[in-house]
Amino acid sequence: MAVDLKTADEIKKMRVAGRLAAEVLEMIEPYVVVGISTEELNQICHDYMVDVQKSIPAPLNYHGFPKSICTSVNQVICHGIPSEKKVLKNGDIVNLDITVIKDGYFGDTSKMFGVGDVPFHAQRLMETTQIALFKAIEIVKPGTRLGDIGHVIQQYAESNHYSVVREYCGHGIGTEFHTDPQILHFGRPDTGMVLKEGMTFTIEPMLNAGKPHTKLRKDGWTVETRDGRLSAQWEHTLAVTADGVEVLTARNEENF
Ligand code: MF3
Ligand code: CO
Ligand code: CO
């Protein structure tokens, strides 16, 4: 497994792409309300990327994916396809996953939004998943191993009585969307690849309220929980620095 290490110049370009992806999530926030369809959210994000940012929405036509962002509502774990038939209702939770390409480099990030009044159990799932991502980011530095990252996420999720999705994972990223290494969100400490300065990858844990098992809808993309219970996901693109980590997709509301 060959993992390429980015130069300072390449990280600079990834910082730009990462920031643009974060800005799409900041821009779309006020639109995520009761009554909007996921296709409308897709359209607003698409136009912002193409017309304002002059960036390329990476999901569009990626292995045949038909839209510019992923919209995953309630029991949908990831890769939900925006649709005008999917209208957000009070109490829904939705993940918007944004990937832009700028100057040949990718930035990939997602967050959860609550729609209207969200039940406490759904709020708690979203927050726990975000904290699991934060805990993983906190230990990223040269010398940390991939198993340590997976372990931190799994440990925190399971101690909160949630399960971790196994079939989908984080990934290396750069001039391609998905590269080695795979970043599993479960694992054992002191195992797996050792992180080095210049690695760039995503961490994107998916936590389920019920069992970890997934099923793929007939559309070939939408991944749902098999038991129909809620799922949440948060994602950042990261660069390993000399002594820690840089969150390339940090939003203004975050303090890394
Ligand atoms: N953004 C997703 C990820 O985090 C990948 C989406 S691929 C698509 O890796 F084709 F579904 F858009
Ligand atoms: Co990703
Ligand atoms: Co993503």
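Keep in mind that what you see is a predicted model, and the values were worked out from it rather than measured. All heavy atoms count here, side chains included; hydrogens, waters and symmetry mates do not. Numbering of ligands and ligand atoms starts at 1, following listing order.
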Run the side chain to side chain donor-acceptor pair (under 3.5 Å) check on H185 and E204 step by step: do they pass? CA-CA 8 Å; H185 303 116; E204 46 184 299; over 6 Å; no
Determine whether the side chain, the backbone, both or neither of [X] has a heavy atom under 4.0 Å from any heavy atom of ligand 1.
X: H63; value: neither
X: A58; value: neither
X: D108; value: side chain

Only heavy atoms of [X], strictly under 4.0 Å: list the atoms of ligand 1 that pass.
X: T99; result: 1 (N)
X: H178; result: 3 (C), 5 (C), 9 (O)
X: E204; result: 3 (C), 4 (O), 9 (O)
X: P59; result: 12 (F)

Contact with ligand 1 for F177, non-hydrogen, under 4.0 angstrom: yes
Aromatic contact, H151 with F186 (centres under 6.0 Å): no
Between F134 and F256, ring centroids under 6.0 Å: yes
Indicate yes or no: does [X] engage [Y] in a salt bridge with an N to O separation below 4.0 Å.
X: D92; Y: K89; answer: yes
X: E29; Y: R251; answer: no
X: E197; Y: K6; answer: no
X: K86; Y: E39; answer: no

State, to 0.1 Å, how close V87 and E84 come at their nearest heavy-atom pair, and which atoms those are. CG2-O, 3.8 Å
Is the shortest heavy-atom distance from the side chain of L146 to the side chain of V194 under 4.5 Å? no
Less than 4.5 Å apart, side chain to side chain, heavy atoms only: is that true for P66 and I81? yes
Students often mix this up, so state it plainly: with edges at 30° and 60°, are the rings of H178 and Y62 parallel, tilted or perpendicular? tilted
Protein contact of atom 2 (C) of ligand 1 - nearest heavy atom, named by residue and atom, plus distance: D97 OD2, 3.4 Å
Looking only at protein heavy atoms, what sits closest to atom 7 (S) of ligand 1 is Y62 CD2, 3.8 Å
Take the Co ion (ligand 2) and tell me which protein N, O or S atoms are nearer than 2.8 Å. D108 OD2, H171 NE2, E204 OE2, E235 OE2
Return yes or no for this condition: an N or O of E235 is under 3.5 Å from an N or O of ligand 1. yes
